[in-house]
Visitor: 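Quick one: structure below, then a few questions.
Counting begins at 1 with the first residue of the sequence.
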Amino acid sequence: MDEDIIDTWRAMAEMSKEKRANNRAFSANLLVTSGHKYESKNDGAHLIVDCPTGRIDYWPGTGKWIQRHTLKTGRGVANLLRYLNKPV
């Protein structure tokens, strides 16, 4: 019984790791195709996105982002793109 739980936990951890890797690749591609420039850190785990009001720290694996100047936070690449594209 315990080995089943351990195997299930390992499988879930591996799926989570793959999901974060897919998020990193998809989000970076989406930012580029949307015309937004960014600087990549830690092999794409942390992106620094340029925007008219400053810079945004974005972690595509989890989807979290923080606007440095205003400390506005959000989750998800879709919400980040909405924030980047709103009028200043």
Visitor: Go through the structure and list residues passing side-chain contact (heavy atoms from CB on, under 4.5 Å) with F26, not counting sequence neighbours.
Guide: L30, V77
Visitor: According to the ring pair (Phe, Tyr, Trp, His ring centres under 6.0 Å) rule, which pairs have a member within residues 65-87, sequence neighbours left out?
Guide: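 Counting only pairs at least two positions apart or across chains, the ring pair (Phe, Tyr, Trp, His ring centres under 6.0 Å) contacts touching residues 65-87 are W65-Y83.
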Visitor: Heavy atoms only: give me the nearest G44-P60 pair and the separation to one decimal.
Guide: O-CG, 3.4 Å
Visitor: Any chance you could lay out the side-chain contact (heavy atoms from CB on, under 4.5 Å) test for L31 and V49, step after step, and finish with the verdict?
Guide: CA-CA 9 Å; L31 285 169; V49 183; 4.1 Å; yes
Visitor: Can you tell me how far the OG atom of S40 sits from the CG atom of L47, to the nearest 0.5 Å?
Guide: 5.5 Å
Visitor: Among residues two or more places apart or on two chains, list those pairs meeting salt bridge (charged side-chain N to carboxylate O under 4.0 Å, His left out) that have a residue in residues 9-32.
Guide: none
Visitor: In the hydrophobic clustering that connects Ile, Leu, Val, Met, Phe, Trp and Tyr at side-chain heavy-atom distances below 4.5 Å, which members other than W9 occupy its cluster, ordered by chain and number?
Guide: none
Visitor: In chain order, what residues pass the side-chain contact (heavy atoms from CB on, under 4.5 Å) check against N85, with sequence neighbours excluded?
Guide: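 Counting only residues at least two positions away or on another chain, N85 forms a side-chain contact (heavy atoms from CB on, under 4.5 Å) with H36, L81.
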Visitor: Restricting to pairs with a member in residues 31-59, which pass salt bridge (charged side-chain N to carboxylate O under 4.0 Å, His left out), not counting sequence neighbours?
Guide: E39-K41, E39-R55, D50-R55, D57-R68
Visitor: From L84 CG over to Y58 OH, what is the distance, rounded to the nearest 0.5 angstrom?
Guide: 10.5 Å
Visitor: Could you tell me which residues satisfy side chain to side chain donor-acceptor pair (under 3.5 Å) with T8, sequence neighbours excluded, listed by chain and number?
Guide: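 Listed in chain order: nothing, the list is empty.
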Visitor: Between OG1 of T53 and NZ of K72, what distance do you get to the nearest 0.5 Å?
Guide: 11.5 Å
Visitor: Does K64 have any side-chain contact (heavy atoms from CB on, under 4.5 Å) partners at least two apart in sequence or in another chain, and if so, which?
Guide: W59, T62, I66, R75
Visitor: Could you work out the complete set of other residues in the hydrophobic cluster of M12, with links drawn between I, L, V, M, F, W and Y side chains under 4.5 Å apart?
Guide: none
